[in-house]
Student: 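Take a look at this one; I'll ask things after.
Only this structure's heavy atoms are used, side chains among them; waters, hydrogens and symmetry mates stay out. So that the names make sense, note that chain A is the first sequence line, chain B the second, and so on, each numbered from 1.
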Amino acid sequence: MADAQAAAPVAGAAAGVLGRTRLRSLLIVCGIALLVIAAGPYVLPTYMVNGLIRAFLYAAVALTVDILWGYTGILTFGQSAFFGIGAYAAGLIFTHAGFGPGYAALALVAGIGVAVIVAAVVGWLAFYHGASPLYGSVITLVLPIVVSQILYSGGNFTGSSSGLSGFESFDIPIEAWFWIAGCFLVVLTAFAWLFVRSDAGRILVAIRENEQRCEYVGINVSRVKILLLVVCAAIAAIAGYLFASVQMVVAPEYAGFVFGTELLIWVALGGRGTLIGPVIGTLVLDVSTSYLSGNLPFVWKLVIGFAFVVVIVALPQGLMPLIKAAVRRLFGRKNTETADFAPRLDAAVEQPYAGLEGAGGCALAVRDVRKQFGSLKVLEGIDFEARRSELLSLVGPNGAGKTTLMRCIADGNERSGGTVLLNDHDILELPPYACVAFGVGRKFQTANVFETLTVAEALRIARTRLAPPSLWTREEGLALPHASMQVIRATGLDKQLGTEARYLSHGMKQALELAMVLALEPSVLLLDEPTAGLTKPERTLIGGILTDLARDHQLCILLVEHDLDFVREISSRVIVLHQGRILLDGTVAQVVESELVRTIYSGGHAATGGAA
Amino acid sequence: MATLLDILTTAAILYSVAAGLLIVFGVMKIINFAHGGFLTVGGYSALLITKLGLNPWWSVPCAFAIGFVCGMLIERLVMKPLYSRPLDAILATWGLGIIIGQLITLGVGREVQFVQSPVSGTIDLLGGTYSGYRLLLVLVAVVIAIGIALLLNGTRLGLVTRAVIMNENLARGLGINSGLVRFITFSLGAGLASLAGALITPLSSVDPNMGVPWLINAFMLVMVSGVSLVSLAVACLVLGGAQVLVSSWGNPILGGLTIVVLAAVVLRLRPQGFSRG
Amino acid sequence: MSEAALDVRAIRSGYGEAPVLRDVSFDVRPGEIFALLGKNGMGKSTLLKSVMGFLPLHAGSVGVFGADITGLPPHKVARREIAYTPQEQALFQDLTVEDNLRLGMRDDTFFDAGVKRIGQFFPVLPTRLKQRAGTLSGGEQKMLLVARALMSRPKLMLIDEISEGLQPSVIDRLAGVLRAERDESKVSILIIEQNVKFALSVANRYAVLKLGEIVDRGDIGGADVERRITDQLSV
């Protein structure tokens, strides 16, 4: 711990150096890869050159599968469809219109264009707000089936099951194709590598780890996923276009579901979420397959099938981590992945919520809010207002509807009736990320963080809405608003900026989530049992921070809490919920003295309640 | 009239094929993509019976038994660690499907083969003639449906299984070994798939990849049915009916897409599909 | 020496890494009712889930009738003649009353005798066998819960907040049933409660759980017990 403390002031500078070394090593690796590719055609036999061209293009598609599945957690069977679209754009135009520079450019644009449109439609279908991951996968599975069936049913136009072949294409030697496909793959991998390690790229991992938390820090997850799918579709279409141009043959299988699953197999075996693993996996598996003859291809496919099942069951991260570990042991290098990036902490230029000052200071208004599941009424006629600087505690027995009420305030789709105003904005039926824009920040009951992201990364993701992240680089500084900084400093999280959240203690995770929510610069803070599972000193600390926030930062804090001692210490006002209704709304003293509340809490039956 | 019978028989076939997948999904909340592989196993079981010169009816119990044993092995060896990772379970079971397909290819060969039908000829019905075997399959689907319903609603095992479907933790707290229920369910699902594979082969042919197109349709039908056997029947009639109509008045290839596309659209508009909940 | 019906020793447990229980120890003697009291969020339900094997113990051990059951899966714990009645989602709402009762038994052999027996306690239930459990009133559902637990003639019952949200008359009825089971069938019972009056009316001994630790324990019968407990639980 002392080491980390001493290292903290220089961490920022070190990070900059580290970023530059990374870039240099990336350039060196790319340079070597390009040299190898340049030499390839001179040393390899022709059929190997041919096989590798195809494998390079497959690997480019596998790379997009890795970004979607390995990094973002979208299990996709559909990238083959975009590959097929790109390939058929070339095949159809070259066959029916002829070949020329103009047609070549047209085919490329058409391929990308159609792929982009299809991807946007598929994304709209698959990633709507609240869609289950399984549904998304179902849609990506439907896509290649539809595309390949359309190609089958196209008669002479698409060549049906035999596809199109023998069309004219670029008249360049096979070596040049090797270089083009190779460079395409290397450049693509380099950019992908930069992207996934950039601040924006971390959002993908955040979505994979915890989509809900992303929504509640104001990220429009559906839009991110759709954009990502569109870009990945365009890349796959380019690969398909190159494939058709060099092979001068297209067939429906290249757009089909089975090819889509093959891509998944290559990615899984190579190692999902590693970029380089899927690329190497594809190259090795595809090239080796083309060497086999007789019965061997079936045996080989059987072996791959076995390997795939074993990897999915026992080694979900694929073979790449094993190889990496072996290399490290060989060269005696330490694992530098986890704590490699601890940025400098800066004070952010705060952007306090604007609409409020003029509006009279009513931060939260809840009017006649109702919630029911079928005939079961969970909330009924909830009506209250809360102002800035108020620390309002919500208490009541289990099942009183406290957490449900929190949910109804932070997500417009939750309530069954009534109105919720955040800083005078009606939240209508808006999703959580839109409610965040009205100034609400919600902390969940159980610590809800991104397990495999570091503390600094998680905080930066919480800043996404206010400080849009870079697509290619990492900021050296982490700018945070004062309140968030205060929580981090008070809890000692500033010494653990490079630690992944899963290694934090429970109390630290709670503190991290609170800091993330405060990084949103909310004016209405919803806290669901922030002290559950914390020790007494930790509770006191959190309590002190909360009263500070209400007093010094004029936050309106709504707190759900079971520990009534804690409530008594920090609240300025208490609302008692019982069986979905507000039983009492008053000062701490009023609630403490209330006979009614005492009865409820000792398990008696309240006069107002109606359950039998 | 023939169209109506087509719809009915198509729905019956789809129901037989999807029932096993639905049961596994209902109890385990995972999609078994090896279902296609089990269908293929059933098809080859029927082929084996034909080759041995036995009465084709033998293929029914035989296919069920072989599928059931395959399911037992796979549940113990592969499925157990995957219950908490439903998306990975899809991939692993797809891998199992590949393994099954390749083992059959290596053992029997890739060529398309034909199976003897237990019932041949046509039946005069409502002023027309219709394939007797297809009509028989309607009866078989009804028997399967009644059989599953009796098993679920009339036996202790069925009661325990329903309890696990509804609330697994509560069931465990009452002394129910949910692991065993999963084991039996998965094996039963595999057995039913294999049985369905044996039933559909006389209509077409067998080859090592015969299960894949069926798998996709069955998967989509299960997705829109939730976990209810009744809504599965409804989904088979509606979507299977649409398939027949599109195939006969439109294009057979587009007809093949009908179930998949309609199911996706239904799910987008109504995430709970054809189930009530 | 008679072994404890339930022997909880120094257990630590919680969800994930979050500790909810810290070094909780107590025992339930054969043929007694033991009440564990505490407000919401103090770890009472967590304790039962840990005993049943739904949550892994970070430390400590659990024994029943002299046998160590630490680390056993829930269904194996339940098969040691233990009836567990959780607080939430404790019934199969879509199954009939009859099916719910059947699931309380290991097999159907003594089902009719069992129904007859619970009919003596809750006459309404045998008349509602074909009704879906979810359509029963709140009080009837709680009766069904206790009835289901009694169907298997357990040696140990673990009951989580059975009195919650019930009318006093129903609570009195349930208290009578529990006392009768203890006195006539020598069943050991652990009740988890917030309702002090109910707990006092049935239990022999008690303990108070606060923030995952036992802060008070003793025999019920002393003059000031109710005041002491209420003080511990009050705001």
Side-chain angles (χ1 to χ4, degrees), chain A residues 69 73-75 77 122 124-126 128 130-155 160-161 256-258 261-262 264-265 267-269 272 295 297-314 316 374, chain B residues 25 29-31 33-34 37 74 77-82 85-107 109-110 208-209 212-213 215-217 219-220 223-224 250-265 267-268 271 277:
Chain A
W69 177 43
I74 304 166
L75 177 62
F77 297 88
V122 166
W124 171 80
L125 260 175
Y128 65 94
S132 73
L134 187 56
Y135 178 71
S137 295
V138 168
I139 296 299
T140 66
L141 190 149
V142 170
L143 172 70
I145 293 172
V146 170
V147 171
S148 55
Q149 289 298 320
I150 289 174
L151 294 173
Y152 275 119
S153 64
S160 194
S161 62
F257 158 73
V258 173
T261 56
E262 231 166 319
L264 282 170
I265 293 174
V267 173
L269 289 178
R272 62 176 103 159
N295 239 350
F298 307 121
V299 177
W300 181 233
K301 207 174 165 197
L302 180 67
V303 170
I304 290 180
F306 266 115
F308 181 55
V309 173
V310 168
V311 162
I312 293 285
V313 173
Chain B
F25 182 59
K29 311 290 179 286
I30 58 157
I31 300 290
F33 262 34
I74 288 172
L77 296 176
V78 181
M79 297 314 294
K80 270 197 154 177
L82 292 173
R85 295 186 273 147
L87 290 184
D88 279 2
I90 295 182
L91 292 174
T93 48
W94 174 254
L96 287 171
I98 294 178
I99 294 174
I100 292 172
Q102 294 311 310
L103 285 175
I104 290 175
T105 305
L106 288 169
R110 277 215 292 176
N209 294 315
V212 176
L215 164 69
I216 305 294
N217 278 340
F219 168 62
M220 295 309 281
M223 288 287 95
V224 292
N251 171 328
I253 293 178
L254 291 182
L257 285 179
T258 317
I259 292 178
V260 181
V261 173
L262 281 183
V265 173
L267 283 172
R268 175 68 171 89

Student: Which bit of A:F306 comes within less than 4.5 Å of chain B, counting heavy atoms only: side chain, backbone, both or neither?
Tutor: both

Student: Counting heavy-atom pairs closer than 4.5 Å to chain B, which one of A:I265, A:L264, A:I139, A:L141 comes out on top?
Tutor: A:L141

Student: Enter the distance from A:L75:CG to B:D88:CG here, rounded to the nearest 0.5 Å.
Tutor: 8.0 Å

Student: So which of A:V303, A:I304, A:V309 has the largest heavy-atom pair count under 4.5 angstrom toward chain B?
Tutor: A:V309

Student: So which of B:L257, B:I100, B:V261 has the biggest tally of heavy-atom pairs under 4.5 Å with chain A?
Tutor: B:L257

Student: Pair up each side-chain donor or acceptor in residues 90-97 of chain B with any protein partner under 3.5 Å, not counting sequence neighbours, and list the distances.
Tutor:
| from | atom 1 | to | atom 2 | distance (Å) |
| --- | --- | --- | --- | --- |
| B:T93 | OG1 | B:F33 | N | 2.8 |
| B:T93 | OG1 | B:A89 | O | 2.7 |
| B:T93 | OG1 | B:I90 | O | 2.9 |
| B:W94 | NE1 | A:T261 | OG1 | 3.3 |

Student: If you count heavy-atom pairs within less than 4.5 Å of chain A, which of B:L103, B:N209, B:L106, B:V260 leads?
Tutor: B:L106

Student: Take atom NZ in B:K80; do more than 12 heavy atoms of anything else shown fall under 6.0 Å from it?
Tutor: no

Student: Going by heavy atoms in the side chains, are B:M223 and A:Y135 under 4.5 Å from each other?
Tutor: no

Student: Can you tell if the side chain of B:P271 reaches within under 4.5 Å of the side chain of A:Y128, non-hydrogen atoms only?
Tutor: yes

Student: Select one option (side chain, backbone, both, neither) describing which atoms of B:N251 are under 4.5 Å from chain A's heavy atoms.
Tutor: side chain

Student: Report the C-alpha distance between A:R272 and A:I312 in whole Å, list the side-chain angles of each, state the deciding distance to 0.1 Å, and finish with yes or no for side chain to side chain contact (heavy atoms under 4.5 Å, CB included).
Tutor: CA-CA 10 Å; A:R272 62 176 103 159; A:I312 293 285; 3.9 Å; yes

Student: Need one label for B:I99: side chain, backbone, both or neither, based on atoms under 4.5 Å from any heavy atom in chain A.
Tutor: both

Student: Select one option (side chain, backbone, both, neither) describing which atoms of A:W69 are under 4.5 Å from chain B's heavy atoms.
Tutor: side chain

Student: Between A:F77 and A:I145, does a side chain to side chain contact (heavy atoms under 4.5 Å, CB included) hold up when you go through it step by step?
Tutor: CA-CA 10 Å; A:F77 297 88; A:I145 293 172; over 6 Å; no

Student: Please list, chain by chain and in numerical order, all residues satisfying side chain to side chain donor-acceptor pair (under 3.5 Å) with A:Y152, sequence neighbours excluded.
Tutor: A:E253

Student: Heavy-atom distance under 4.5 Å to chain B: side chain of A:S137, backbone, both or neither?
Tutor: side chain

Student: Chain B heavy atoms under 4.5 Å from A:V299: which part of the residue, side chain, backbone, both or neither?
Tutor: both

Student: Check whether B:L82 gets within reach of chain A through its side chain, its backbone, both or neither, counting any heavy atom under 4.5 Å.
Tutor: side chain

Student: Is B:M220 close to chain A through its backbone or its side chain, or both, or neither, when contacts mean heavy atoms under 4.5 Å?
Tutor: side chain

